[in-house]
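All remarks here apply to the structure that follows.
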Number of protein chains: 2
Amino acid sequence: MDKDKIDKKDHILDVAERVFSDKGFDGASTRLISGEAGVNMAMLNYYFGSKEGLFLAVFQRKIASFQNILHNLGNDGSMSAWTKMEKYIEMYGDKVVNNNCFQKLLYQEMGMNRGNDLSNNLRDMLLKNVAELEKILKDGITAGEFKEDIDIPMVIATLYGTKNYIINTPMMSSALLGFDINDEESIETKLKPQIKSYMKNLLKAYLLK
Amino acid sequence: MDKDKIDKKDHILDVAERVFSDKGFDGASTRLISGEAGVNMAMLNYYFGSKEGLFLAVFQRKIASFQNILHNLGNDGSMSAWTKMEKYIEMYGDKVVNNNCFQKLLYQEMGMNRGNDLSNNLRDMLLKNVAELEKILKDGITAGEFKEDIDIPMVIATLYGTKNYIINTPMMSSALLGFDINDEESIETKLKPQIKSYMKNLLKAYLLK
DNA sequence: TTACACTAATCAATCGTTTGATTAATTTTG
DNA sequence: CAAAATTAATCAAACGATTGATTAGTGTAA
């Protein structure tokens, strides 16, 4: 069946996503990926053309799902700007845990100075999400809800930077927070509530008049 | 002269620091590093034993200088907790620009899940810096200067995370901020003042009663 | 001479990729 | 329908290139 093929490709992508995010692009060999996925090495090239093609496919699979999640939020006129921010924080707090291995991979690659198209694609993708945030913040200012002198780009850097710091340096954040960042239950019961609550308080204090 | 040897080693370390931070450990080949440094490939092993030894040496050279910078701050009783925080932010804002290529390398390596001793050493080193911040924040609470329900680990994550986000993903932050993050003059005249001012305002709103 | 600094050449290992052969599945043909 | 032809999926083996590392030898200064 065709279904099996898709499942198999998907399985390879799952494994590749994990291995890439652990070892980085250069550190993850095709032998390791194929080995962990339980498929023949040649299948990677058969399906994805090349190692870079596989890497790209890992991202492209996710990009679509990220695309239109946020767009509805910014254009909803019935909510106050701050309520939108709270919704945004809620969503982003959930994304932290669900896709933390992909998020790690994403920002790892963004940090590299590869001349690839990939880097540009990723940047544009992220900028779309960021644009929604910008819109919410600007609307909040013009509506008189937020202070006029808030630093929008920096707020965005804080929002994503705080999250990245926690999930990208688990050794540090585990020691800081007092529980294991890599443990799924701890993430669900401790990290998610904590980061949501903190971020709301932090931004409430900074943004609201 | 022995001086020449030291200068040469130092030159190699400078180059290695930059190349490692650009390409990552696995992506940076010894041929590339030696080529950019203008030395024979074998000199890397001659001086540093191995590629990993070179990598380690890049860090060890910096670690010492980071060690005792912050310690004086926490134990100065004459300053208020908030003044200490401001001093901390000033210092950290300067560090952003001066060592941004090393900082990138540092957190790149911290993100990797290598079982190395290096990762543990780096974590311990960073935790020492973090401990000073923790002390300032705790003292501020007991002194009645800061709110009692502030989330100390999260504040630290925000402080370092915001900085890391900006310097580790220059493609994103350049687009966000509207100027080139990699341009030294822009960093000096724009980024440094902006990040200092923002971080003070942000934390003032969140920390102070 | 002796110890050190340095180089070109070379090493085995591993890299990503390609190959030719084999099997499984599908389509076409009689 | 059944046989033949075609395509897709999979594999072990090997490819050339590159990796980090080592060697044997050259030059140099004390």
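Lettering follows sequence order; numbering is per chain, from 1.
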Please table the atom pairs, donor to acceptor, closer than 3.5 Å between any side-chain atom in residues 25-32 of chain B and protein atoms at least two apart or in another chain.
| from | atom 1 | to | atom 2 | distance (Å) |
| --- | --- | --- | --- | --- |
| B:Asp26 | OD2 | B:Arg114 | NH2 | 3.0 |
| B:Ser29 | OG | B:Leu32 | N | 3.1 |

Pairs under 3.5 Å (N/O, protein and nucleotides 22-24 of chain C):
none

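- The phosphate of C:dA5 has OP1 or OP2 within less than 4.0 Å of a side-chain N or O from B:Tyr46.
- Residues passing the side chain to side chain donor-acceptor pair (under 3.5 Å) test with B:Gln108, sequence neighbours excluded: none.
- Screening residues 34-56 of chain B for salt bridge (Lys or Arg N to Asp or Glu O under 4.0 Å) gives B:Arg18-B:Glu36 as the qualifying pairs, with residues at least two apart or on separate chains.
- Atom P of nucleotide C:dT18 and atom CZ of A:Phe48 are separated by 16 Å, given to the nearest angstrom.
- Contact of the A:Val155 side chain with the A:Leu133 side chain is not registered, since no non-hydrogen atoms from C-beta on lie closer than 4.5 Å.
- Following rounding to the nearest Å, B:Lys9 (NZ) and C:dA5 (P) show an atom-to-atom distance of 9 Å.
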Letter per nucleotide, 5' to 3', of nucleotides 11-30 of chain D [B base touched, S only sugar-phosphate touched, - untouched; heavy atoms, 4.0 Å]:
BBBB----BBBB--------
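- Rounded to whole Å, the distance from NE2 on A:His11 to P on D:dT10 is 12 Å.
- Counting only residues at least two apart or on different chains, no salt bridge (Lys or Arg N to Asp or Glu O under 4.0 Å) pair has a member in residues 167-183 of chain B.
- Each ring-ring contact (aromatic ring centres under 6.0 Å, His included) pair with one or both residues in residues 187-207 of chain B, not counting sequence neighbours, appears once here: A:Tyr198-B:Tyr206, A:Tyr206-B:Tyr198.
- Among residues two or more places apart in sequence or in another chain, the side chain to side chain donor-acceptor pair (under 3.5 Å) test is passed with B:Thr162 by A:Thr158.
- Here B:Asn45 pairs with nothing under the side chain to side chain donor-acceptor pair (under 3.5 Å) rule; sequence neighbours left out.
- To the nearest angstrom, P of C:dG16 lies 13 Å from NZ of A:Lys23.
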